[in-house]
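Here's the structure, in structure tokens; my notes come after.
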There are 2 protein chains.
Amino acid sequence: MKLWSANVGQPVGMCPVRGVLDKISDKWSMLLVMTLATGPKRFNQLRRDVPDISQKMLTQTLRDLQRDGMVSRQVFDTKPPSVEYRLTPLGESIILPFGHLIAWANEHLPTIDQARTEFDKAA
Amino acid sequence: MKLWSANVGQPVGMCPVRGVLDKISDKWSMLLVMTLATGPKRFNQLRRDVPDISQKMLTQTLRDLQRDGMVSRQVFDTKPPSVEYRLTPLGESIILPFGHLIAWANEHLPTIDQARTEFDKAA
DNA sequence: CAGGATCCAATAAGATACTG
DNA sequence: CAGTATCTTATTGGATCCTG
């Protein structure tokens, strides 16, 4: 489980995996992926499903996901226009590993909350 | 796999799991956890193992991890003083799920790189 | 409906200097 | 060695207005 693999010490992109992990650790990326995991959705549908994302961030994050090949974008030539976003096979392949992390978070949430309270109490 | 669970719509802390996931998705948190996964380490040892972290961020991230109960801190009363950080059982419990994500990243790195190149070429 | 463009505030984080 | 404190910059992200 090497995080640095070959090239160590360079300021950016030292470890290729970290470039991917940075996306995963993006505030909105994975939330959108998990939202799209239930099926394809349109732009404003996604806004409703993730109430606290701004339009700017939704646009930007969707484009990034598209660039990474995680999400595909299909335009329907209706009026008003409608655009559908859906996970690609690559996007779908991350659902399971990320689901494990969510499960972990759910499971240990009480423990963490308790640890925080105690730590803050001590200070 | 509910990301929003009970309370939807509030600006912060809508979903308790997201509070935990935000920590996971911190730029340095998980990198430090995975570094500590190989065994307990001292402060400056961690600096060397994660070359591009600043001293400020190392201190801050370690404290956050400690607060969350992921890492324990033990001071040895030597001179000069030495402080050892190690994963708690809680911290160790996240190694596996996070390892799955790293494995995913490693596996799909070429695909993602290719998608990016193609996307940028098209634009 | 699905964005693009712009402006501005908040936050994160690097650099630097100092301490028990 | 293992930090603390402060300053400053870079980045993020929200609010707002506009368009095919």
Side-chain angles (χ1 to χ4, degrees), chain A residues 9-14 18-19 21-32 35-36 40-68 71-86 119 122-123, chain B residues 9-14 18-19 21-32 35-36 40-68 71-86 119 122-123:
Chain A
Q10 275 68 30
V12 175
M14 311 122 277
R18 282 176 62 181
L21 255 41
D22 278 355
K23 309 290 302 188
I24 289 169
S25 71
D26 179 79
K27 184 177 179 184
W28 301 114
S29 295
M30 282 306 105
L31 197 51
L32 285 181
T35 302
L36 286 173
K41 295 198 190 316
R42 291 169 48 185
F43 191 83
N44 281 315
Q45 180 68 47
L46 285 168
R47 292 188 73 166
R48 281 187 292 277
D49 287 359
V50 186
D52 57 338
I53 194 172
S54 69
Q55 176 259 4
K56 178 186 177 179
M57 281 302 104
L58 180 54
T59 304
Q60 195 174 108
T61 307
L62 282 173
R63 241 191 297 118
D64 281 358
L65 288 172
Q66 206 192 332
R67 186 175 111 97
D68 289 353
V71 161
S72 68
R73 177 179 184 270
Q74 187 175 7
V75 183
F76 295 95
D77 216 13
T78 56
K79 40 184 176 177
S82 88
V83 179
E84 190 183 82
Y85 293 91
R86 72 169 64 221
F119 185 90
Chain B
Q10 276 68 31
V12 174
M14 308 124 278
R18 281 175 63 181
L21 255 40
D22 277 356
K23 310 288 303 186
I24 290 169
S25 72
D26 180 80
K27 186 177 180 184
W28 301 114
S29 295
M30 283 304 106
L31 198 50
L32 285 181
T35 301
L36 286 172
K41 292 195 192 318
R42 290 168 50 186
F43 191 82
N44 281 315
Q45 180 68 47
L46 285 168
R47 290 188 77 168
R48 281 188 292 276
D49 287 358
V50 186
D52 58 338
I53 195 172
S54 69
Q55 173 261 14
K56 176 185 177 181
M57 281 303 105
L58 180 54
T59 303
Q60 195 175 108
T61 307
L62 282 173
R63 218 197 286 294
D64 281 359
L65 288 171
Q66 206 192 333
R67 185 174 111 98
D68 288 354
V71 162
S72 67
R73 176 180 185 269
Q74 188 176 6
V75 183
F76 296 96
D77 217 12
T78 57
K79 43 184 172 175
S82 88
V83 179
E84 190 182 80
Y85 293 92
R86 71 170 65 221
F119 185 88

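Keep in mind that what you see is a predicted model, and the values were worked out from it rather than measured. Basis for what follows: all heavy atoms, side chains included, without hydrogens, waters or symmetry-related copies. Residue numbers start from 1 in every chain, and the chains themselves are labelled A, B, ... in the order their sequence lines are given, proteins ahead of strands.
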Does the side chain of B:Phe43 come within less than 4.5 Å of B:Val83's, by heavy atoms?
-> no
d(CG, A:Asp77; P, D:dG20) in whole Å = 16 Å
Across the strands shown, which category fits B:Arg47 at heavy-atom distances under 4.0 angstrom: base, sugar-phosphate, nothing?
-> nothing
Give the rounded distance in Å between these two atoms: CE of A:Met57 and P of C:dG4.
-> 12 Å
Distance in angstrom units between B:Arg73 CZ and D:dA2 C1', rounded | 8 Å
Between D:dA2 (P) and B:Gln60 (CD): distance, integer Å | 19 Å
Under 4.0 Å between a side-chain N/O of A:Arg42 and OP1 or OP2 of C:dA2, yes or no?
-> yes
Can you check whether A:Lys23 reaches A:Asp64 side chain to side chain, under 4.5 Å on heavy atoms?
-> yes
Position toward the 5' end of DNA chain C (nearest nucleotide), A:Glu84 or A:Lys56 | A:Glu84
Taking only the side-chain nitrogens and oxygens of A:Tyr85, find out if one of them lies under 4.0 Å from OP1 or OP2 of C:dG3.
-> yes
Checking all strands, does A:Gln55 fall into the base, sugar-phosphate, or nothing category for heavy-atom contacts under 4.0 angstrom?
-> base
d(CZ, B:Phe76; P, C:dG20) in whole Å = 24 Å
Remember a base hit wins even if backbone is also touched, and classify A:Lys27 as base, sugar-phosphate or nothing at under 4.0 Å, heavy atoms.
-> sugar-phosphate
What is the distance from atom CG of A:Asp49 to atom CZ of A:Arg42, rounded to the nearest 0.5 Å?
-> 12.5 Å
Atom-pair distance (CG on A:Leu62; C1' on C:dC1), nearest Å | 14 Å
B:Pro81, nearest nucleotide to its side chain (from C:dA15, D:dG14, C:dG20) | C:dG20
Does A:Thr59 or A:Pro80 map to a spot on DNA chain C nearer the 5' end, using the closest nucleotide for each?
-> A:Pro80
Quick one: are A:Leu46 and A:Leu62 in side-chain contact, heavy atoms under 4.5 Å?
-> yes
Rounded distance (Å) that lies between atom P of D:dG3 and atom CZ of B:Phe43 = 5 Å
Main-chain N/O of B:Leu58 paired with B:Thr61 side-chain donor or acceptor, under 3.5 Å | no
Round to a whole Å and report the spacing from CZ of B:Arg63 to P of D:dG3.
-> 8 Å
